[in-house]
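A note on names: the letters A, B, ... follow the listed sequences, proteins ahead of strands, and every chain is numbered from 1.
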2 protein chains.
Amino acid sequence: MSLAYPLHTAHQTKPLTTAADAIDELGLRMAFAKDEEVYGQDEDADMLYRVVSGVVRTSRLMSDGRRQVGDFYYPGDVFGLEPGDAHRFAAEALTDCVVLVLKQSTLRAHADDEALTKIIWEAAARELERAQEHVMLLGRKSAFEKVASFLNEITHRGADSGHGDLPMSRQDIADYLGLTIETVSRTISRLQTAAIIEFEGCRRFHVRNDAALARLSE
Amino acid sequence: MSLAYPLHTAHQTKPLTTAADAIDELGLRMAFAKDEEVYGQDEDADMLYRVVSGVVRTSRLMSDGRRQVGDFYYPGDVFGLEPGDAHRFAAEALTDCVVLVLKQSTLRAHADDEALTKIIWEAAARELERAQEHVMLLGRKSAFEKVASFLNEITHRGADSGHGDLPMSRQDIADYLGLTIETVSRTISRLQTAAIIEFEGCRRFHVRNDAALARLSE
DNA sequence: CGTCATCTTGATTACGCTCAAGCTCCGTGG
DNA sequence: CCACGGAGCTTGAGCGTAATCAAGATGACG
């Protein structure tokens with residue numbers, strides 16, 4: 001059972017997308033502490049979620065402990081949508097975060113709500129698009145290209161594309177890219193030596209050569 | 001422009017799923033010769049497809065020629081559904097095949113058709129599920145496990161699970177698994193040496209040790 | 001300021017890739 | 001019917017990239 005608790009604060013945050021209100025109205029706001037589980041692998045998928053603040057990570061474990069990170073979800077992103085009726089990946093709070101939770105039953109009761117249907121369809125589309133991109137990255141890119149792609153995406157995800165913040169650990173990055181932490185670390189060092197990026201601390205970086213970073217990402 | 005031509009044969013094939021009729025009725029039947037392109041990478045996605053006979057492969061090329069195979073589609077499978085409005089992967093006929101083609105415009109005209117909506121939703125769900133499984137395979141499995149997983153899935157896709165047919169080349173398998181043909185070939189040889197599978201010719205095999213194959217697939 | 005987790009760096013190993021022959025199978029033509 | 005040719009598959013030798021094993025360095029937090 002999750003330790004998360006519902007927040008009954010009445011104040012509305014600014015809608016993050018034009019269609020955000022459907023979930024805003026129907027959903028329940030919950031807070032999760034860093035490293036807390038939102039839902040577990042193989043649990044029933046009877047909720048839909050949207051990040052309000054913080055970052056969520058989905059991941060899946062193999063029986064021998066190998067881990068694959070599915071994706072990272074930022075404020076505004078919908079997650080928890082599953083092709084089947086069980087969660088194939090677990091979802092964990094990467095940082096302290098607030099999440100809007102919507103029951104599937106509520107969802108079905110509003111099946112005729114066009115705005116809601118649109119949100120779900122767009123979430124599914126985005127999920128599929130990212131999974132396909134992930135397949136490309138994992139299947140055919142070198143470690144160097146993987147790390148460059150990852151950092152490049154981080155910089156373009158935020159509004160300001162000259163720098164990036166990494167809320168996730170090196171282990172998270174490694175498990176997302178299908179590498180080891182050592183390889184991620186070494187590759188980041190090489191990117192710095194090549195004057196393509198520059199880190200201040202290990203969780204924040206600036207892009208020195210945007211074109212080179214983009215080229216390495218293919 | 002595709003060389004495929006519409007077939008106006010009136011005879012109906014047996015529906016492959018209970019909900020198959022919606023596409024059967026609205027779609028146009030087209031034949032594609034082996035290696036012919038159904039649609040190209042980055043083309044507009046304005047059709048939805050379902051395999052009637054034969055096998056279809058989706059793939060994507062990087063600018064330097066590296067190729068990633070997205071998936072293989074068998075009779076009954078829907079493909080061509082895209083998260084955006086362009087095809088991220090090309091689709092090619094792996095064998096001579098017949099495909100049902102449905103225009104997006106026709107599809108929108110029947111947006112209220114529940115059966116059709118269900119087909120599309122299920123296709124999207126299946127697509128996402130397979131992409132996620134693919135991510136797991138590419139990110140965290142060894143060459144041995146990748147090949148074993150692949151062969152295991154082939155055997156369970158067909159009705160008779162004791163054997164498998166490979167309509168695709170070693171290159172196709174390699175590009176699906178993120179390996180080279182040599183590694184695929186060597187791994188298959190090792191699986192035979194280990195008496196887990198047995199090939200007759202290079203496109204057909206029997207499973208000798210189902211448990212071992214399943215275990216290697218995780 | 002000390003402690004511990006996280007990250008970086010180094011040395012070595014190994015898995016899968018590359019390059020290079022052979023081999024098999026199948027279609028084609030003599 | 002068999003010989004030939006070529007594409008696709010297999011096998012081998014050597015190499016390179018990323019993994020593993022092992023210390024250190026950094027930095028967050030009490």
Query raised in the report: Quick one: ring-ring contact (aromatic ring centres under 6.0 Å, His included) partners of B:F150, sequence neighbours excluded?
Result: B:Y176
Query raised in the report: Is A:R66 paired with A:D175 through a side-chain N to carboxylate O contact shorter than 4.0 Å?
Result: no
Query - Heavy atoms from other residues, nucleotides or ligands near CG of B:D64 exceed 12 (cutoff 6.0 Å) - result: yes
Requested in this report: Could you tell me whether A:E122 and A:R126 have a side-chain N and a carboxylate O separated by less than 4.0 Å?
Outcome: no
Query raised in the report: Side-chain donor-acceptor pair under 3.5 Å between A:H206 and A:E200, yes or no?
Result: yes
Report task. Heavy atoms of chain A, cut-off under 4.0 Å: which first and last nucleotide of DNA chain C, 5' to 3', fall inside that, if you could look? Result -> C:dC7 to C:dA11
Query raised in the report: Between D:dA19, D:dG8, D:dT11, which nucleotide gets closest to the side-chain atoms of A:L179?
Result: D:dA19
Query raised in the report: Do any N or O atoms from the side chain of A:Q132 and from the backbone of A:E129 form a donor-acceptor pair under 3.5 angstrom?
Result: no
Report summary line: On DNA chain D, more 5' by nearest nucleotide between A:A143 and B:R170 is B:R170
What pairs of nitrogen or oxygen atoms, one from the protein and one from nucleotides 3-6 of chain D, lie under 3.5 Å apart?
none

Report task. Let me know the distance between CD1 of B:I173 and P of D:dG8, rounded to the nearest Å. Result -> 14 Å
Query raised in the report: So does B:S189 get a side-chain nitrogen or oxygen closer than 4.0 Å to the phosphate oxygens (OP1/OP2) of D:dT11?
Result: yes
Requested in this report: Nearest 0.5 Å please: distance from the OG atom of B:S149 over to the CD1 atom of B:I154.
Outcome: 11.5 Å
Query raised in the report: If you draw a 6.0 Å radius around CG in B:D85, do more than 12 non-hydrogen atoms from other residues or ligands fall strictly inside?
Result: no
**Report entry** Where protein sits on nucleotides 20-30 of chain D, one letter per nucleotide: B base, S sugar-phosphate only, - none, heavy atoms under 4.0 Å
**Finding:** BB---------
**Report entry** Pair A:R88 + B:E133: basic N to acidic O under 4.0 Å
**Finding:** yes
Report summary line: Taken in chain and number order and not counting sequence neighbours, the residues that satisfy ring-ring contact (aromatic ring centres under 6.0 Å, His included) with A:Y73 are A:F79
Query raised in the report: Looking at B:F72, does the NZ or CZ of B:R57 lie under 6.0 angstrom from its six-membered ring centre and within 45 degrees of the ring axis?
Result: no
Report summary line: Axis-to-axis angle for the helix from C:dC1-D:dG30 to C:dG30-D:dC1, ends of five pairs each, to 10°, equals 30°
Report task. Would you mind classifying the nucleic acid contact of B:R190 as base, sugar-phosphate or nothing, using non-hydrogen atoms under 4.0 angstrom? Result -> nothing
**Report entry** Lys/Arg N to Asp/Glu carboxylate O, B:E153 vs B:R157, below 4.0 Å
**Finding:** yes
